Amino acid sequence: MKKTTNKLLIFISVLFSMILLSGCSSQMAKYNPKQSVGKQINYTITGIEAGAGEMATTQKAMKAYGLDKGNWQLQTSSTAAMLATLGKSIRYKQPIVITGWTPHWMFTKYKLKFLKDPKNIYGKTEDIHTIVRKGLKKDKPEAYEMLNRFNWKPEQMSSVMLKVNHGESPRKAANDWIKQHKSQVDSWTKGLKHVHGQKIKLTYVAWDSEIASTNLVANVLRSMGYKVTIQAMELQPMWASIATKAADATVSAWLPNTQGLYYKDFKGRFVDLGKNLHGAKVGLAVPTYMKNVNTISDLK
Ligand code: PBE
């Protein structure tokens with residue numbers, strides 16, 4: 001009699017843990033190429049900060065590809081939280097769709113692919129522009145000219161970002177880069193007068209790419225004698241800071257698509273010094289193991 005009770009107990013506990021385990025695994029199921037991807041991820045695109053240009057573009061894309069009707073939603077979050085979720089999903093080979101961009105270490109650390117965008121909502125490539133406040137040319141001609149000349153390549157930006165991602169302070173990573181690229185940096189400052197402690201303020205959003213570029217430019221301006229402050233904020237206040245002349249410049253304007261709305265909103269209240277980097281890219285991205293998801297329409 002005792003033996004059968006024991007057996008029954010064991011049976012019940014095994015059954016119970018099987019139910020528990022299957023509950024867990026359905027919550028963290030691996031990507032299944034045979035099943036609709038929407039179902040697997042609860043029709044959710046993992047996004048970033050509400051005010052980011054890419055969030056607005058993604059809303060547009062969801063409309064253009066009819067995802068808004070198929071109960072898809074774009075989850076507002078933060079870049080840090082999105083990257084943490086991405087890392088976890090990749091560790092367990094789970095499906096995930098993110099708002100991705102490059103230059104960023106997410107594309108070097110993980111095997112990701114951009115979803116094809118035949119309707120060209122995100123644009124083929126993006127540039128990053130330098131935007132300054134009106135009157136800067138007259139008030140701080142040396143800084144204006146340096147900012148006007150500043151330009152670098154996506155790989156160069158990535159190399160600074162990677163160092164920061166590996167724990168180097170942004171200021172030191174930028175300084176090391178300056179030392180290693182003397183002739184390029186010299187070409188930005190050549191012939192410009194040294195100033196003596198004039199103040200200048202740069203604003204940016206604390207995305208890794210902008211942390212890299214802003215610290216770089218700040219250090220170059222310091223080498224010219226400026227007293228530089230850099231201030232991180234959200235994207236809308238960043239554009240407003242230039243338009244209201246609360247700040248002097250930003251090197252963080254992703255255009256023409258990503259921050260095109262802000263460009264339009266503030267038009268006439270800033271000076272666009274053109275691109276400082278060519279060949280950035282923005283779009284929906286998934287891990288490469290999601291074999292059957294290759295274009296945005298595959299999400300439907
Ligand atoms: N980003 C990274 C920004 C610009 C840099 C793509 C998240 C955006 O405005 O969406």
Side-chain angles (χ1 to χ4, degrees), residues 45-62 74-86 96-110 112-115 117 120-131 151-158 160-162 164-165 170 202-217 230-243 249-266 270 272 275-286 296:
I45 295 169
T46 304
I48 53 171
E49 293 81 3
E54 185 167 8
M55 293 294 273
T57 317
T58 300
Q59 300 281 9
K60 224 162 110 188
M62 289 169 78
L74 174 61
Q75 190 177 55
T76 301
S77 159
S78 68
T79 300
M82 182 270 276
L83 291 168
T85 310
L86 175 67
I96 183 167
V97 179
I98 61 158
T99 52
W101 66 91
T102 150
H104 193 280
W105 53 260
M106 66 179 108
F107 274 85
T108 28
K109 188 164 177 184
Y110 305 122
L112 300 174
K113 59 183 176 186
F114 277 113
L115 297 185
D117 171 23
N120 208 23
I121 307 296
Y122 290 94
K124 291 234 155 25
T125 59
E126 284 285 277
D127 297 325
I128 307 180
H129 286 223
T130 301
I131 304 284
N151 75 93
W152 60 340
K153 300 240 160 342
E155 311 79 68
Q156 299 184 314
M157 181 185 244
S158 290
V160 177
M161 287 167 75
L162 210 62
V164 176
N165 185 237
L202 308 176
T203 50
Y204 67 111
V205 183
W207 287 304
D208 299 70
S209 39
E210 280 49 59
I211 291 172
S213 55
T214 307
N215 274 275
L216 174 65
V217 167
I230 65 173
Q231 193 180 355
M233 52 187 64
E234 304 229 350
L235 190 57
Q236 201 277 346
M238 179 193 93
W239 277 88
S241 74
I242 306 300
T250 179
V251 291
S252 315
W254 287 49
L255 294 164
N257 283 293
T258 308
Q259 294 168 18
L261 277 178
Y262 296 109
Y263 197 92
K264 231 169 95 194
D265 276 359
F266 290 106
F270 59 82
D272 179 5
K275 58 181 173 229
N276 60 53
L277 181 142
H278 171 70
K281 191 169 165 55
V282 167
L284 295 181
V286 301
I296 301 178

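Counting starts at 1 for both ligands and their atoms, in listed order. Being a predicted model, the structure only gives us computed values, none of them experimental.
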**Request:** Heavy-atom distances under 4.0 Å are what count here, so tell me which part of Leu235 touches ligand 1: side chain, backbone, both or neither.
**Result:** side chain
**Asked** Which ligand 1 atoms are under 4.0 Å away from a heavy-atom of Glu210?
**Response** 5 (C)
**Message:** Does Leu162, at its CG atom, have more than 12 non-hydrogen atoms belonging to other residues, nucleotides or ligands within less than 6.0 Å?
**Reply:** yes
**Request:** Of the side chain and backbone of Gln259, name the one, both, or neither that has a heavy atom under 4.0 Å from an atom of ligand 1.
**Result:** side chain
**Prompt:** Judged by modelled atom types alone, do Glu49 and Trp207 share a side-chain donor-acceptor pair under 3.5 Å?
**Reply:** yes
**Complete:** Note: ligand 1 atoms sitting under 4.0 Å from heavy atoms of Gly53 are 8 (C), 9 (O), 10 (O)
**Prompt:** Nearest protein heavy-atom contact for atom 10 (O) of ligand 1: which residue, which atom, what distance?
**Reply:** Glu54 N, 2.8 Å
**Prompt:** Going by heavy atoms in the side chains, are Asp208 and Val164 under 4.5 Å from each other?
**Reply:** no
**Item:** Over all atoms of both residues, closest heavy-atom pair of Met82 and Gly47
**Value:** CB-O, 3.5 Å
**Message:** Can you give me the closest heavy-atom contact between Ile45 and Ile98, atom names plus distance?
**Reply:** CG2-C, 4.4 Å
**Complete:** For Thr258, the ligand 1 atoms with a heavy-atom partner under 4.0 Å come out as 8 (C), 9 (O), 10 (O)
**Message:** Show, in sequence, the C-alpha distance, side-chain angles and deciding distance for Trp101 and Tyr122, and conclude whether the side chain to side chain contact (heavy atoms under 4.5 Å, CB included) test is met.
**Reply:** CA-CA 11 Å; Trp101 66 91; Tyr122 290 94; over 6 Å; no
**Residue Ile48 vicinity, atoms of ligand 1 by number, heavy atom under 4.0 Å** = 7 (C)
